[in-house]
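Structure, as structure tokens:
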Amino acid sequence: PAPAYFSQETLQHRLQILIEGAKESWAYAIFWQSSVDVCSGATLLGWGDGYYKGSEDDKRKRKANTAASAAEQEHRKRVLRELNSLISGGAGFSMDDAVEEEVTDSEWFFLVSMTQSFLNGTGIPGQVFFSGAPSWIAGGDRLAVAHCDRALQAQTFGIQTMVCVPVANGVVELGSTDTIFHSAEIMSKVKVVFSFNSFEN
Amino acid sequence: PRAVPQARKASLARFLEKRKERVSNT
């Protein structure tokens, strides 16, 4: 029988395969996992796992120190230090000089995504899960008018393309700092890579 | 990010490790 959920180990592998092998330049892939509150019956899409690859835009902004204002950068770096401390238990796991480097907009957007969720079909990920129809939004101007807080936030942080594809138990979201027009190949790849019989055995 | 619960720690740890690699390769 098919397992109820993808295992955590295979999730990371699936997300990595999706974007490392793609022709297009995707900055990140996220799996939004569905769950149902047994008391209220509400359906929630929450963070399942994510893979951040980065982009040429990240490198350019880091070199030019233009990722965000000085105050915003200090805030991001402080949060990064706190998160590092959280996962390392306050000791060990040195960040070296990495924390002092610019935290780019798309890195920040990915980090903030870990705190987000979509209740009962809200937001583009929620709509995609409920309708079963994928969403492909190319261009910052289109993200800005998509009537979705997450799409607007993505555009604010420099994402130019956001794609959501419904899969078993959730939604796969891909994001890029490039404007990427529809690709049947990547849509098909999401379906194959996120089928239960891939990798679980 | 302050509200990242326990279940997301693995994703976060991977992100930070990969970030170190990306930054050192920049």
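Throughout, protein chains are lettered first and strands after them, A, B, ... in sequence-line order, and every chain is numbered starting at 1. Quick caveat, the model's predicted, so the values are computed rather than measured.
Using a 4.0 Å cut-off between charged side-chain N and carboxylate O, R14(B) and D49(A) make a salt bridge. Taking a cutoff of 4.0 Å between a charged side-chain nitrogen and a carboxylate oxygen, R22(B) and E101(A) do not qualify as a salt bridge.
Within a 6.0 Å sphere centred on CG of D149(A), heavy atoms belonging to other residues, nucleotides or ligands number 12 at most.
For chain B, the nearby part of Q116(A) is the backbone; its heavy atoms alone come within less than 4.5 Å. Interface residue E107(A): backbone and side-chain heavy atoms are both found under 4.5 Å from chain B.
Taking 4.5 Å as the limit, every side-chain heavy atom of L12(B) sits out of range of all side-chain heavy atoms of N84(A).
Put simply, CG on L16(B) and CG on L83(A) are 6.5 Å apart, with the number rounded to the nearest 0.5 Å.
When all heavy atoms of R19(B) and L80(A) are compared, the closest pair comes out as NH1-CD2, 3.4 Å. Scanning both residues, S11(B) and G50(A), for their nearest heavy atoms gives OG-N, 4.1 Å.
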